[in-house]
Amino acid sequence: MRLLSGRNRVCGAIAGSLFCASAVAQNCVNETITAAIPTDASIALQSYSYCGGNLSVVAYVKNVDYDKIVTLYWTNADGVSTPLNAFTLGFQSQANPDWSWELWGASGSLYPDGITSFVNITYQALDVGQTYVQQLGQKVIATGAAIPNSPQPPVYTAYATPKFFSDDITQWIAANNNSEAGISKTRMFNNIDIPGAAPGTVIAAQSYTAPDYAYHWVRDASLTMDVVNTMYSLTTNKARKQFYQNLLFQYAAAGAQEQNDPGLQTGLGEPKFNLDNSIFTGPWGRPQNDGPATRAITLMEFSYAYLASGGSKQTVREKLYDSNNYPKVAPMIRDLQFVATNWSSPSFDLWEEEPSDHFYTRMVQRRALVMGSQFASFMGDSALSKTLSDAAAALSATLSQFWDPLRQLILYEYGPVMRGKSSYKDIAVVLGVLHGYAGDGVYSYTNDQVLVSAYQIATSFLDVFPIATSATKDANGNPLGIAVGRYPEDVYDGVSTSLGNPWYLATSAMAELLYRASIEFATSTSITVTTTSLPFWKYFAADVNVSTTTYHIWDPQFYELLAALQGWGDAFLRRVKYHTPSNGHLTEEFNRVTGQPQGAADLTWSYAALLTASFARETARANLLYPTEIANL
Ligand SMILES: *[C@@H]1O[C@H](CO)[C@@H](O)[C@H](O)[C@H]1NC(C)=O
Ligand SMILES: *[C@@H]1O[C@H](CO)[C@@H](O)[C@H](O)[C@H]1NC(C)=O
Ligand SMILES: *[C@@H]1O[C@H](CO)[C@@H](O)[C@H](O)[C@H]1NC(C)=O
Ligand SMILES: *[C@@H]1O[C@H](CO)[C@@H](O)[C@H](O)[C@H]1NC(C)=O
Ligand SMILES: *[C@@H]1O[C@H](CO)[C@@H](O)[C@H](O)[C@H]1NC(C)=O
Ligand SMILES: *[C@@H]1O[C@H](CO)[C@@H](O)[C@H](O)[C@H]1NC(C)=O
C-alpha cells in the first residue's frame, strides 16, 4: 500500500535525527559506489545520481553471454519494494578494451513513488543459466532541484472539437477495391500463405532486410487470421467463403505443427517461426505468452462461425479443438491448457522488449480463458471448462494491480521501469482492451480507467512527436487526431534505434477504441462520467460542459458526447489517411518529424488494424452490411 504522506521527501534517520535530503540539496551529485571493474564479482553498481526526482544509474556487467537481464531494486518512499520499484538496465558501452565487461544503465523519473535505498542489483545471464547479485542496502541521497510533488496527471487542452462521422473518412474506407479498406484487404491477403512459405503461415511483412520481418509471428498471425475469420463469418459469396475457410483450417494445422516443433525453447510461448514453419532458434525475447491465447481466441471464433455455417462439431473436434486425440492438426486444447497453467509466469510483451507481468498479455489470456471455459463446456469437456474458469477467476483477481491511483493510469506492466520508460504509458493498454475484452464488463471499452488511460497515452505523444503539433489539419481544414506511437520513450525507429515514431496500427487503435466506446454507450443508453474519466471527456469533448454525472439518452449532452467520440474516431483515422501515400500502402511507422512512411513496408498488422477500425466505425454508423461487403470484394 502506498501512502500519499511523505511521498516525495527522501528522509532517513541519521544518529537519531531525521534527515530530509530534499530540503538541503542544490546541485546534482554523481555518487560513486564501485570505482573500478570488480575482480571478485560479475555485477556491480558503479554510480548513481538521484536529482530532482530523476534517478540515473550505471553498472558494471561481466560479459558472459548474449541474453542478459539486469535489474536494480529499491525501496520506495514508504520503505517498501514493489515490482514497480525497479529499473531494467540497458546496454550502454563496453567497459574495457577486450569487451569482457560492459556498462549498462537506466534513467527515469521516480515520481510519484520515490526512493529511500537500493536493495540489490540482479544480473540474470540467461544463456548460461546463472544469476549474479550484488546486495546493496545503500541509502539513496537526493540532490538537485526539489522533487516535483503534484500527483496529478498532466492536463492538455484539446486543439480541436470534431463532431460526428465525416464523409471524407466514409469515402476513404468505402467497400470497394480502390478504397483504403479495399487496398488493406488486398495487401493483407498478399502476406498470407506467400509463395514458398508453409501453408497457414502469415509473414509479418515482406521485408527481408532492414528490418528483417520475414517470419511468422504467432501473435501477428492470430490477429490477422481473426480478421480473415470476420470475413469468413460474414461473406455471402460462396467462393470467398470456401477460400477463407481453407485458409483458417490451414492456419489451425500450422499452429499444431508449431506446438510440436522439437526445437521449442520456451514451450508454446515461442514467439516466432521461420517461413517453412520451423522454429526460429536465434536469440530472442522469449517466451511471449500472449500468442497461445490470441491463437485460441481466433480459432474459437472460427469454430463458432464454422458451426453457424453448417460445419459439424466432429470436424471442429478433429481439426481445431481436440489436441489430445488429434495433436498433429488441432491446437486449441493445448493452447488453452498452456494459458491456464502459465498465465501468472512473467513473459515478454507484445513489443518483445521485457519479461514482466503485462496488462496486454493478461487481458488476452483472460479472454481466452473466459471463452475457453464456455467452449470446452459446449464440447462436453466439463473438467477442462472448470480448469479454465478457475484460472480466469484467479487471473481476474490480479488485474486491479495494474491500476495506479496516483498516476490515474492503467500501467502497461506491473514490473520494473524498462530503460527509461518511466511514464508507464503504452498503447499496449488500448490494444489489450481491443483484443482482450471478453464482453463481460471487465475492462470494457467504456471503463473509466480505460478511458482516462487512453487519454493519457494518446496525449503523451503531443510532447514527443513534432508532427503531432506541426500538422493538426488536413488540406481541407479537417482536424487530424494525435499521431500515436507505442510509448513516449520509444527509441525503435523501424530499423534500428534512434527515436521512436508514430505507428499506423497504434493510431488506428485509438480510433477503434472511440468507435467501440460509442457503440457501447449507445447500447447502454447512458454515459456516466466519473472523477476518473472526467479528464478523458474534458479533452475529447472540450466544448461540452461535462461534469461528473450520468447523462441519459434523453439528455442533449448524451448525443454531444457520442458525437465527440465519433468525431475524434474519424480524426484519428484521418491522421492515418494523412500519412498514407497515394498508393495506399501502409508501412509500420510514419516519421515523427516529416510524417513520411518509415520502417517495414506493407506491415500485415497495419492493414489488419485499419480493417478492424473500419469495421468498428461502420458498425457505430449502423452500416451493418459493411463487413459483408468488404468480405465479398
Ligand atoms: C557518474 O560519473 C562517471 C564519471 O564521469 C560517469 O562515467 C557515469 O556515467 C556517471 N553516472 C551517472 C549515473 O550519471
Ligand atoms: C527529470 O526528467 C524529466 C523527464 O523525464 C525532465 O522533464 C526533468 O527536467 C528532469 N529533471 C531534472 C532535475 O533533471
Ligand atoms: C533483490 O531485491 C528484490 C526486491 O526486494 C527481491 O525480490 C529479490 O529477492 C532480491 N534478490 C536477491 C537475490 O536478493
Ligand atoms: C508453463 O508452466 C509450466 C508448468 O508450471 C512451466 O514448467 C513452464 O516453464 C511454463 N512455461 C512458460 C513459457 O511460462
Ligand atoms: C456547466 O454545468 C454546470 C452543472 O453541471 C452548471 O452549474 C454550469 O452553469 C454550466 N456552465 C455552463 C457555461 O453552461
Ligand atoms: C477486388 O479485387 C479482387 C482481387 O484482385 C478481385 O478478385 C475482385 O474481383 C475485385 N472485386 C471487385 C468487386 O472488383
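Whatever order the structure lists them in is the order used to number ligands and atoms, beginning at 1. Numbers here simply count residues along the sequence, with the first being 1. Atoms considered below: every heavy atom in the structure, side chains included; atoms not considered: hydrogens, waters and symmetry mates.
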Is a side-chain donor-acceptor pair under 3.5 Å present for Glu352 with Gln288?
yes

Looking just at side-chain N and O atoms, do Thr75 and Ser117 make a donor-acceptor pair shorter than 3.5 Å?
yes

Do me a favour and list the nearest non-hydrogen protein atom to [atom] with residue, atom name and distance?
atom                    : result
atom 4 (C) of ligand 5  : Ser547 OG, 4.5 Å
atom 5 (O) of ligand 1  : Asn30 ND2, 4.7 Å
atom 13 (C) of ligand 3 : Val133 CG2, 3.4 Å
atom 14 (O) of ligand 5 : Asn545 ND2, 3.1 Å

Among Tyr50, Phe87, Tyr48, find the residue that satisfies the ring pair (Phe, Tyr, Trp, His ring centres under 6.0 Å) test when tested with Phe118.
Tyr48

For His552 versus Ser526, what's the shortest heavy-atom pair and its separation?
ND1-CB, 3.9 Å

Indicate the atoms forming the closest heavy-atom contact of Val64 with Tyr123, along with that distance.
CG2-OH, 3.2 Å

Which atoms of ligand 3 have any heavy atom of Gln135 under 4.0 Å away?
12 (C), 14 (O)

I'd like to check which ligand 3 atoms, numbered from 1 as shown, lie under 4.0 Å from a non-hydrogen atom of Ser81.
4 (C), 5 (O)

Short check: is a protein heavy atom less than 4.0 Å from atom 8 (C) of ligand 5?
yes

Sub-4.0 Å atoms of ligand 1 with respect to non-hydrogen atoms of Gln46:
8 (C)

Below 3.5 Å, N or O to N or O, backbone or side chain included: is there any such pair between Ser56 and ligand 1?
no

Any N or O on Ser47 sitting closer than 3.5 Å to an N or O of ligand 1?
yes

Short N-O contact, Asp349 and Arg219, less than 4.0 angstrom
no

Does a side-chain N-to-carboxylate-O contact under 4.0 Å join Lys421 and Glu354?
no

Is atom OH of Tyr66 surrounded by more than 12 heavy atoms (other residues, nucleotides or ligands) closer than 6.0 Å?
no

Shortest reach to atom 2 (O) of ligand 3 by a heavy atom, considering only Val119, Thr82, Asn120, Thr75:
Asn120

Please determine if Tyr73 has a nitrogen or oxygen closer than 3.5 Å to a nitrogen or oxygen of ligand 3.
no

